[in-house]
Amino acid sequence: MITRRAVLGAGAGLGVVALARGATRPAELKPDLVVLAERPFNAETPAHLLDEDFTSARYMFVRNNGLVPNAIDAATWTLEIGGEACLEPRAFALAELQSDYSHHAYALTLECGGNGRSEFFPPVPGNQWTTGAVSCALWRGVRLRDLLNACGIAENAVYVGYYGRDRHLSGDPDKVVISRGVPIDKALQDETLVAFEMNGEPIPLLHGGPLRLVAGGWPASASGKWLYRLVIRDRVHDGAKMGGNSYRVPCEPVAPGVPVADEDLCIIESMPVKSLITWPKSGARHPVGDALQVRGHAWAGEFVVKRVLVSTDFGQTWQSSALSAPVNRLAWQRFSTPVQFQQPGYFEVWCRAEDKLGRSQPMVLPGWNPKGYLNNACHRIAVQVA
Amino acid sequence: MRVVRLVILLLVASEAWPKVDDATGLIEDVGWRMVQAHCSGCHDLKLVTAQRGNREFWEQTIRWMQKTQNLWQLGETTERRILTYLAKNYAPEFTGRRRPLPASLRPD
């Protein structure tokens with residue numbers, strides 16, 4: 001049996017990572033996560049395990065539309081760039097990206113568009129994510145912009161789409177699992193990376209290694225894993241899961257449960273403002289009279305979080321918290337504050353972030369949509385004071 | 001064609017939806033006449049049909065009525081049938097603004 005250590009060791013030493021049939025199952029690499037599905041593998045992180053400043057591989061949620069590639073060879077990995085709006089299509093070896101282009105590192109928040117889906121009513125289909133499909137790791141790589149410029153971007157460029165090496169659930173090798181991407185403006189941002197390192201190590205296979213796109217602040221499905229091809233498009237990219245009700249919400253709000261035609265759905269871009277209490281763990285017991293130090297993270301897609309408020313009385317009163325500046329744009333921010341309980345009993349601690357534009361988190365569910373995206377309702381934990 | 005579709009829809013709907021007794025408002029399922037007999041003597045049956053609860057909820061309601069409201073002893077078999085009827089036909093439905101935290105996230 002191949003252990004986790006052996007898999008990682010082989011990856012680092014030989015440039016080859018294997019997750020072959022019969023080898024370690026993805027679930028075994030994520031013993032602390034809640035597995036929502038084994039095939040395709042999807043797992044989310046309990047809130048208190050997201051307490052690290054930056055999310056380690058061990059605690060990073062996993063979202064797959066298809067199957068993880070069987071074997072990856074970083075030594076021979078190449079990235080092609082083409083498409084109608086690419087002036088000089090070409091290929092880059094991974095080694096060439098690492099040696100010939102400037103490296104940039106950013107802490108980037110990646111949240112699944114469907115994080116929080118489980119709370120929508122009427123219920124919506126899909127993985128029933130609660131709060132744990134979010135991460136902020138340190139990503140290192142080359143700027144997508146530098147690679148696109150090396151190929152030449154035509155005047156009529158609109159979108160950049162990705163293709164990855166994940167395998168379709170049906171087993172059909174010609175079927176594309178997912179091929180999404182970002183508008184050209186997002187592709188040209190400083191922080192949009194073609195990344196080969198996560199937290200100072202080669203990107204683990206489960207997280208898209210050896211090469212992936214990272215477009216922080218947008219639905220994580222825009223950050224294609226196992227990246228081998230990019231296309232500069234002269235139209236909105238029309239790859240798998242760009243259309244229909246995938247990662248799209250009603251352009252005009254609808255009443256809960258109302259069916260929405262595909263043509264009335266709009267692509268999700270920036271994720272909304274949100275926050276998560278990562279300490280203490282929900283269900284904690286706490287002595288009456290002592291201050292409880294509450295802390296967590298807050299993020300706001302493309303934007304900066306201005307403040308985070310905390311309530312211990314179901315939102316009747318709110319207190320401010322100490323909030324750190326992001327280490328860079330698109331990184332989550334740490335908040336922390338002591339709270340006091342005046343009497344014993346059952347309490348909930350709620351947190352509510354507000355972004356620079358004054359947009360805050362709702363207490364109830366935000367706009368219902370057919371696939372249950374963008375639930376940024378305030379996070380709640382339970383505390384028994386005795 | 002549209003008329004045919006409407007008729008089919010109505011037929012399916014009438015099968016799927018529970019039949020409600022016009023006079024009492026109770027869902028006509030096994031045990032509904034017992035509920036009518038034992039409950040309507042003291043109160044409007046809307047006090048039954050407007051509530052939603054699991055078996056424990058309904059049993060506690062009966063115990064409270066027996067303790068404080070002079071409800072008589074129902075007898076074991078009758079009580080079991082009434083509880084089965086109520087727990088099945090008036091089970092909890094999510095109508096709140098947001099669900100309580102799940103048990104797994106609450107203190108032990």
Side-chain angles (χ1 to χ4, degrees), chain A residues 34 44-49 116-124 128-132 256-257 276-288 292 311-312 314-315 341 344-352 361-366 368 375-386, chain B residues 1-20 25-29 46-61 63-64 67-68 84-108:
Chain A
V34 177
E44 69 169 314
T45 315
H48 67 283
L49 297 181
R117 174 178 294 138
S118 62
E119 287 197 297
F120 280 101
F121 194 87
V124 288
Q128 297 296 306
W129 303 103
T130 64
T131 58
L276 197 63
I277 299 166
T278 58
W279 185 266
K281 179 182 177 179
S282 189
R285 289 177 180 279
H286 186 72
V288 69
L292 172 63
S311 176
T312 56
F314 301 90
F341 302 97
Y346 174 86
F347 289 87
E348 291 187 8
V349 182
W350 294 9
C351 64
R352 175 159 69 96
Q361 295 181 250
M363 300 300 103
V364 296
L365 273 289
W368 185 92
N375 175 8
N376 67 334
C378 80
H379 184 221
R380 308 178 293 163
I381 64 161
V383 177
Q384 186 72 34
V385 177
Chain B
M1 191 62 200
R2 193 170 286 174
V3 173
V4 171
R5 205 176 286 168
L6 185 68
V7 168
I8 290 170
L9 194 70
L10 286 172
L11 283 172
V12 169
S14 66
E15 279 297 304
W17 288 345
K19 195 167 173 222
V20 172
L26 289 170
I27 293 169
E28 292 183 23
D29 195 6
K46 281 181 186 155
L47 284 178
V48 175
T49 59
Q51 315 241 13
R52 295 291 182 275
N54 58 17
R55 194 179 186 93
E56 192 183 5
F57 167 94
W58 291 112
E59 185 173 353
Q60 282 170 0
T61 306
R63 294 288 169 266
W64 173 79
K67 198 172 166 184
T68 69
T84 300
Y85 168 84
L86 293 172
K88 177 186 168 195
N89 291 292
Y90 300 94
E93 290 170 5
F94 178 66
T95 55
R97 303 180 75 190
R98 210 174 159 193
R99 291 178 176 84
L101 288 173
S104 63
L105 292 178
R106 285 186 229 154
D108 294 328

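Chain letters run A, B, ... following the sequence lines, proteins first and then strands; every chain starts at 1.
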**Prompt:** Looking only at heavy atoms, what is the nearest atom pair of R99(B) and F120(A), with distance?
**Reply:** NH1-O, 4.4 Å
**Prompt:** Which answer fits R380(A), side chain, backbone, both or neither, if we ask what part of it has an atom under 4.5 Å from a heavy atom of chain B?
**Reply:** both
**Item:** Structural part of A47(A) lying under 4.5 Å from a heavy atom of chain B
**Value:** neither
**Item:** Heavy-atom side-chain contact between E119(A) and R98(B) under 4.5 Å
**Value:** yes
**Prompt:** Hey, does the side chain of R285(A) reach the backbone of D108(B) with a donor-acceptor pair shorter than 3.5 angstrom?
**Reply:** yes
**Item:** Shortest non-hydrogen separation from A284(A) to P107(B) and the atoms involved
**Value:** O-CG, 4.4 Å
**Item:** Nearest non-hydrogen partners of L101(B) and I381(A), listed with the distance
**Value:** CD1-C, 3.7 Å
